[in-house]
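Below is one structure, written out as structure tokens; the observations come after it.
Convention: sequence-line order gives letters A, B, ...; per-chain numbering from 1. Values below: all heavy atoms of this structure, side chains included; hydrogens, waters and symmetry mates excluded.
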2 protein chains.
Amino acid sequence: MPEAANSFFPQDGEEGLPLEEMAYRRLREALVTGAILPGDRLSIRAVAAAFSVSAMPVRTALRRLAAEQALDLLPSGTAVVPRLTRAGFTELSAIRAKLEPMAVSLAAPHLGEPHWKALAPLVAAHDAARAAGDAAVAQAADRDFLFGIYRSAQAPLLLGLIETLWLRRGPLFRSVRITVTAAGGLRHSHGAMLEALRRGMGDEAAELLRVEIEDATRAILATVRFEGDDTAAERLAWIGKPGRRR
Amino acid sequence: MPEAANSFFPQDGEEGLPLEEMAYRRLREALVTGAILPGDRLSIRAVAAAFSVSAMPVRTALRRLAAEQALDLLPSGTAVVPRLTRAGFTELSAIRAKLEPMAVSLAAPHLGEPHWKALAPLVAAHDAARAAGDAAVAQAADRDFLFGIYRSAQAPLLLGLIETLWLRRGPLFRSVRITVTAAGGLRHSHGAMLEALRRGMGDEAAELLRVEIEDATRAILATVRFEGDDTAAERLAWIGKPGRRR
DNA sequence: GCGTGCGAAATGTGATCACACAATGCCCGA
DNA sequence: TCGGGCATTGTGTGATCACATTTCGCACGC
């Protein structure tokens with residue numbers, strides 16, 4: 001990828017970084033990978049202790065994540081991992097279906113030989129991983145494929161918004177991964193997208209992506225249980241349990 | 001407006017609020033109204049002194065604005081009011097043209113009599129203000145009209161993104177105001193939008209907005225000078241002035 | 001006696017400040 | 001024009017304050 005290093009999923013290299021940046025990245029990673037789950041409360045002190053730093057850098061990092069909508073803030077100021085509801089997921093997907101194809105269209109004129117060389121292996125990696133049943137790796141390949149294109153769109157504002165959306169969707173990854181694996185994987189059109197881009201048909205590639213996002217959304221809505229989706233049986237079981245949490 | 005108070009342009013009531021919130025709102029207001037201009041550097045200490053608070057709340061507020069893309073951060077960490085380039089403005093407008101009509105479509109089913117009562121005066125206020133040549137008031141009425149609808153879309157994530165975009169566009173307001181005033185005002189289709197919404201044609205209203213945004217963008221691109229748009233004469237005058245700023 | 005409520009104390013948590021440290025950039029003088 | 005010193009600015013720490021929540025215990029009622 002000729003562009004700068006992926007700013008979304010930074011690798012290690014946490015040596016010389018300011019502590020705030022370190023805290024921010026670690027929290028973001030935890031969010032995206034599902035290490036912390038929806039509903040979890042992140043108190044400044046607790047996180048600071050976990051990271052062995054003082055409250056300030058953590059506070060800044062937490063607020064930054066909140067400003068990016070990756071965390072919610074209780075009225076008291078405590079940060080919580082947002083629970084994605086069915087409506088929230090629908091909204092998120094609808095926005096993605098508008099912005100990400102737009103990024104593909106914008107990127108198309110900027111793509112060239114070096115990009116094909118970088119993108120093609122990612123499609124192959126996805127297929128291989130899915131065939132092997134490793135949904136996490138397949139997802140990672142997909143993600144790298146898409147962001148490889150998005151970064152080429154030369155649209156920093158748009159890229160930032162898309163990253164925000166992915167971050168917000170992060171906590172859902174775990175369940176989606178399970179579901180998708182169980183379902184044998186969603187159709188993925190990245191190979192066709194790449195072909196369209198090679199032929200210079202940016203809008204066609206964008207349309208493929210839009211359809212893919214909408215299909216995937218439909219599939220997830222049909223199979224994944226969301227926060228607040230308690231079944232009748234669960235609601236009944238819930239009644240009369242005064243001491244429950246969450 | 002039946003919804004909660006406008007969170008984008010808060011009025012006064014800065015008594016019981018945390019200082020960080022106060023600093024945040026005042027900075028945002030300054031940004032949106034053009035009180036601080038693109039390129040201005042906002043040092044934590046300077047702002048803290050201006051607001052008569054210590055550095056901490058200001059620091060948090062500045063970082064929050066930066067996370068929302070309303071401010072840029074120099075590598076050193078100093079916050080600066082972003083300069084909107086021609087390309088940046090084009091990108092911003094393209095995103096708005098996708099998201100804001102979407103919000104209108106989503107809001108349509110939720111609108112009812114109370115909304116018409118609240119929105120109609122805003123259209124009238126716009127017309128009156130424009131007739132009187134008061135572009136600032138006309139803009140404010142437009143803004144309230146649109147956000148009144150957006151808030152009804154029941155899409156918090158989308159609303160947040162749109163607010164971010166407006167915030168980012170804020171520093172440009174001053175020049176746009178001048179230009180638009182000089183040009184006699186852009187066509188505005190809010191009356192027609194309101195009519196379409198009343199008839200339950202949400203998509204039609206959305207389309208009107210999309211066209212309006214695109215027209216306005218075109219007009220602004222054609223008339224407003226952007227950062228980096230130096231004319232030939234200016235570029236010539238620039239040569240050989242080693243000590244220049246900005 | 002057992003269950004239920006209410007209230008106060010204890011705890012947790014965020015907000016803010018003043019201070020110390022280090023990196024950055026600027027300005028002045030050679 | 002180049003170098004060095006100094007002012008500015010961001011980063012991070014620890015203590016302290018006020019507020020919110022939770023928890024525990026006691027008293028009341030069944």
[X] [atom1] to [N] [atom2], straight-line distance once rounded to whole Å:
{"X": "Leu74(A)", "N": "dT21(D)", "atom1": "CG", "atom2": "P", "value": "9 Å"}
{"X": "Leu73(B)", "N": "dT9(D)", "atom1": "CG", "atom2": "P", "value": "15 Å"}
{"X": "Glu20(B)", "N": "dA15(C)", "atom1": "CD", "atom2": "P", "value": "7 Å"}
{"X": "Met22(A)", "N": "dT11(D)", "atom1": "CE", "atom2": "P", "value": "15 Å"}
{"X": "Met56(A)", "N": "dA15(D)", "atom1": "CE", "atom2": "C1'", "value": "13 Å"}
{"X": "Ile44(B)", "N": "dT16(C)", "atom1": "CD1", "atom2": "P", "value": "15 Å"}
{"X": "Arg59(B)", "N": "dT16(C)", "atom1": "CZ", "atom2": "C1'", "value": "13 Å"}

Open item on the list: On the nucleotide dG14(C), are OP1 or OP2 found under 4.0 Å from the side-chain N or O atoms that Thr78(A) carries?
Closed with: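 True: Thr78(A) side-chain N/O within range (under 4.0 Å) of dG14(C) OP1/OP2.
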TODO: Indicate, with a heavy-atom threshold strictly under 4.0 Å, whether Arg63(A) touches base, sugar-phosphate, or nothing.
DONE: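 Sugar-phosphate only.
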Task: From Glu163(B) atom CD to Tyr150(B) atom OH, the distance as rounded to the nearest 0.5 Å - done: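 So the gap between those two atoms works out to 11.5 Å.
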TODO: Check whether any side-chain N or O of Glu91(A) sits under 3.5 Å from a backbone N or O of Leu158(B) as a donor-acceptor pair, and report yes or no.
DONE: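 Confirmed, Glu91(A) side chain pairs with Leu158(B) backbone.
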Task: Leu31(A) and its side-chain contact (heavy atoms from CB on, under 4.5 Å) partner, picked from Leu37(A), Ile36(A), Leu42(A) - done: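 Only one option passes, and that is Ile36(A).
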Task: Under 3.5 Å donor-acceptor pair, Arg45(A) side-chain atoms to dG14(C) base atoms - done: yes
TODO: Starting from the 5' end of DNA chain D, give me the residue, Ser76(A) or Pro57(A), whose nearest nucleotide shows up first.
DONE: Pro57(A)
TODO: Specify the residue among Arg41(A) and Val53(A) whose closest nucleotide of DNA chain D lies further upstream toward the 5′ end.
DONE: Val53(A)
Open item on the list: Under the salt bridge (Lys or Arg N to Asp or Glu O under 4.0 Å) test against Glu21(A), which residue among Arg28(A), Arg26(A), Arg64(A) passes?
Closed with: Arg64(A)
